[in-house]
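Scroll down for the structure; my scribbles are underneath it.
In this text the structure is predicted, and so the values were computed from the model without any measurement. Each chain gets a letter, A, B and so on, in the order the sequences are listed, and its residues count up from 1. Heavy-atom basis, side chains included; hydrogens, waters and symmetry copies ignored.
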Number of protein chains: 2
Amino acid sequence: MYTYKYPHPAVTTDCVVFGFDGSNLNLLLIERGIEPFKGKWALPGGFMNMDETAEQGAMRELQEETSIKDIYIEQFHTFTSVKRDPRERVLTIAFLAFIRQEKYEVIAGDDAAKAQWFPIDQLPELAFDHKDIITMALDKLKWKITYEPIAFRLLNKTFTMTQVQTIYEVVLGQTFDRRNFHKKMTALGYIIPTEMQSRGSGRPGTLFTFDEDKYKEQIENKKVF
Amino acid sequence: MYTYKYPHPAVTTDCVVFGFDGSNLNLLLIERGIEPFKGKWALPGGFMNMDETAEQGAMRELQEETSIKDIYIEQFHTFTSVKRDPRERVLTIAFLAFIRQEKYEVIAGDDAAKAQWFPIDQLPELAFDHKDIITMALDKLKWKITYEPIAFRLLNKTFTMTQVQTIYEVVLGQTFDRRNFHKKMTALGYIIPTEMQSRGSGRPGTLFTFDEDKYKEQIENKKVF
DNA sequence: ATCTTTTGCGTAACATTTACACAAACAATA
DNA sequence: TATTGTTTGTGTAAATGTTACGCAAAAGAT
């Protein structure tokens with residue numbers, strides 16, 4: 001038992017993990033194995049320990065529940081509604097992640113009965129206020145993809161221009177002219193063509209790669225306004 | 001006394017309140033009246049109550065310590081380093097605010113010995129990890145001012161174009177061509193000239209006003225990419 | 001060999017940004 | 001009153017970026 005002079009809230013972390021399978025934007029969810037909301041789907045996450053930061057807690061819980069580890073996560077909002085958990089006062093610090101879906105095998109463990117990818121437009125009923133968290137995460141994703149090269153975290157090391165365009169179109173809900181999109185991307189200077197060619201039905205396309213160093217170099221030197 | 005089955009962190013809120021006095025960007029700080037860090041300067045903030053959201057807690061503490069109330073605040077990051085408070089494990093949810101400095105009278109109260117504006121480049125030694133919080137708030141401010149019309153929250157209802165430009169120059173650390181800046185701003189469509197004229201040394205300039213409705217209308221219709 | 005699909009490149013029209021020039025409207029001063 | 005200095009609003013040409021297309025090349029399918 002732990003006692004305090006003043007009341008303290010419990011603190012959890014939750015991860016909104018986005019994946020891309022080539023045509024759909026997907027979200028990683030777990031089925032809750034314990035109450036409350038047992039049997040309902042939820043974001044991977046759980047209680048933070050006292051000897052770890054929120055980031056560390058979020059990554060530990062993600063690994064425990066889905067076996068995914070060693071990915072980059074980014075805090076985006078802390079949800080503090082008074083009655084968001086029926087047990088006691090619980091805040092949750094929410095994180096965003098974008099990963100190459102095929103690179104990580106998802107295996108449920110511990111408190112999670114199952115762990116599974118869901119297309120973003122076909123989500124099941126969710127536990128707690130996780131619907132709100134996902135809504136805010138999607139807004140953040142739309143914002144970030146327009147100003148930062150996060151699409152490439154969802155793709156393999158090498159990718160075709162069509163794959164990039166599909167991500168932008170799925171996330172932003174718009175279509176773009178293929179030829180202008182191609183020019184715009186290559187003009188950025190950090191989308192580098194490689195020697196490899198993609199095989200498919202039509203003319204083979206160049207495989208590109210994202211040059212993170214060149215990107216970082218650019219944002220250092222860019223004018224802001 | 002409050003007891004829990006598992007350890008719980010304490011949770012505080014902190015407000016990074018920016019003000020503008022016509023030429024300098026300023027930050028609102030309080031002098032701590034109690035330990036730890038008694039006598040050191042700190043961000044206004046304090047422990048969150050169990051029956052309030054983080055936003056409500058932040059605004060309550062801000063009013064208690066500086067008498068400033070009824071302002072718009074916005075959560076930007078939660079700081080979770082394990083040893084950021086010497087007493088116990090304490091997380092802090094940090095908020096950003098931009099206000100018309102002259103509109104609000106700052107009066108210290110309660111746990112604060114003093115409350116005072118400091119130029120952003122002449123901050124005193126700070127308590128806790130508040131230096132880090134302010135650094136991140138400044139980054140966020142630079143990011144936001146380039147993509148959102150937050151400069152007008154720092155200005156009076158009517159303002160000259162020179163005042164707007166000064167804010168952009170101070171925040172971003174760059175200078176802009178006065179004539180192009182003027183055109184760019186008026187071209188936005190939501191910076192409206194009024195009939196009033198500003199009096200000063202040279203030719204009197206138009207007083208402008210920020211039309212929030214027109215701005216909101218625009219972001220609804222804009223193309224994202 | 002021909003058709004269909006997909007990719008890469010080109011180009012003209014249009015829009016935006018940048019770097020200035022210049023005059024108008026005031027206060028201060030001679 | 002006339003001149004000077006300061007600040008503001010508008011104009012404009014050159015450079016740059018965006019948009020809407022046309023077209024041919026390179027593959028698989030028929």
Side-chain angles (χ1 to χ4, degrees), chain A residues 22-23 145-147 149 151-152 155-156 158-170 172-210 215 218-219 221-225, chain B residues 22-23 145-147 149 151-152 155-156 158-170 172-210 215 218-219 221-225:
Chain A
S23 56
I145 206 171
T146 51
Y147 298 112
F152 311 104
L155 293 164
N156 294 324
T158 64
F159 45 81
T160 64
M161 202 50 89
T162 310
Q163 288 176 310
V164 184
Q165 185 171 348
T166 304
I167 290 186
Y168 275 84
E169 291 185 337
V170 167
L172 297 174
Q174 308 174 28
T175 55
F176 303 105
D177 181 88
R178 185 186 55 78
R179 298 152 292 187
N180 290 335
F181 187 90
H182 188 287
K183 262 181 302 179
K184 212 167 187 173
M185 281 291 155
T186 50
L188 287 172
Y190 48 77
I191 317 284
I192 313 295
T194 68
E195 295 305 311
M196 291 160 284
Q197 303 273 296
S198 74
R199 313 308 337 276
S201 53
R203 168 176 172 175
T206 315
L207 288 173
F208 294 86
T209 191
F210 171 61
Y215 169 69
Q218 279 193 21
I219 52 170
N221 305 333
K222 82 164 174 191
K223 283 194 289 182
V224 199
F225 191 68
Chain B
S23 57
I145 206 172
T146 53
Y147 297 112
F152 311 103
L155 292 164
N156 294 324
T158 64
F159 46 81
T160 65
M161 202 50 88
T162 310
Q163 288 176 309
V164 184
Q165 186 172 348
T166 305
I167 289 186
Y168 275 84
E169 291 184 338
V170 167
L172 297 175
Q174 308 174 28
T175 55
F176 303 104
D177 181 87
R178 184 188 56 78
R179 298 153 291 187
N180 290 335
F181 188 91
H182 188 286
K183 262 180 301 177
K184 211 167 188 172
M185 281 289 155
T186 50
L188 287 172
Y190 47 78
I191 317 286
I192 314 294
T194 68
E195 295 305 312
M196 291 161 282
Q197 304 272 297
S198 75
R199 314 306 342 273
S201 52
R203 168 176 171 174
T206 314
L207 288 173
F208 294 87
T209 189
F210 170 61
Y215 169 68
Q218 279 193 21
I219 52 170
N221 305 334
K222 85 166 171 188
K223 284 193 289 181
V224 198
F225 192 68

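Note on A:T160: nothing from the nucleic acid sits closer than 4.0 angstrom, heavy atoms only.
Between A:H182 atom NE2 and D:dG22 atom P there is a gap of 19 Å when expressed in whole angstrom units. Here the C1' atom of nucleotide C:dT16 and the CE atom of B:M185 are 16 Å apart, to the nearest Å. Between B:K183 atom NZ and D:dG11 atom P there is a gap of 9 Å when expressed in whole angstrom units. What separates CZ of B:F176 from C1' of C:dA19 is a distance of 15 Å, to the nearest Å. Separating the CG atom of B:D177 from the P atom of D:dG9 is a distance of 14 Å, rounded to the nearest angstrom. Here the C1' atom of nucleotide D:dA20 and the CZ atom of A:R178 are 13 Å apart, to the nearest Å. Rounded to whole Å, atom C1' of C:dT17 lies 15 Å from atom CZ of B:F181. Counting to the nearest Å, the C1' atom of C:dT11 and the CG atom of A:N180 are 11 Å from each other.
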Indicate every side-chain donor-acceptor pair of residues 186-197 of chain B with a distance under 3.5 Å to a residue at least two apart or in another chain.
residue	atom	partner	partner atom	Å
B:T186	OG1	B:H182	O	2.9
B:T186	OG1	B:K183	O	3.1
B:T194	OG1	B:M196	N	3.4
B:T194	OG1	B:L207	O	2.7

Between the protein and nucleotides 2-4 of chain D, list every N/O to N/O distance that falls short of 3.5 Å.
none

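With hydrogens and angles ignored, the 3.5 Å screen pairs no side-chain donor or acceptor of A:T166 with any backbone N or O of A:S23. Not one N or O on the side chain of A:N156 forms a donor-acceptor pair closer than 3.5 Å with the backbone of A:T158.
Contact between B:A151 and B:I145 at its shortest, heavy atoms only, is CB-CD1, 4.2 Å. Of all heavy-atom pairs between B:Y215 and B:Y147, the closest is OH-O, 4.4 Å.
Interatomic distance, CE of B:M161 versus CZ of B:F208, reported as 4.0 Å (0.5 Å rounding). To the nearest 0.5 Å, the span separating OG1 on B:T162 from CZ on B:R178 amounts to 7.5 Å. The CG atom of A:L172 sits 11.0 Å away from atom CD1 of A:I167, with the distance rounded to the nearest 0.5 Å.
Side-chain proximity of B:R179 to D:dC21, C:dC22, D:dT8: nearest is C:dC22.
Within the 4.0 Å cut-off from OP1 or OP2 of D:dT19, at least one side-chain nitrogen or oxygen of A:K184 is found.
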For B:Y168 and B:F176, what are the C-alpha separation, side-chain angles and deciding distance, and is it a ring pair (Phe, Tyr, Trp, His ring centres under 6.0 Å)?
-> CA-CA 9 Å; B:Y168 275 84; B:F176 303 104; 7.0 Å; no
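Within residues 193-209 of chain B, the residues approaching DNA chain C are B:R199, B:G200, B:S201, B:G202, B:R203, B:P204, by heavy-atom distance under 4.0 Å.
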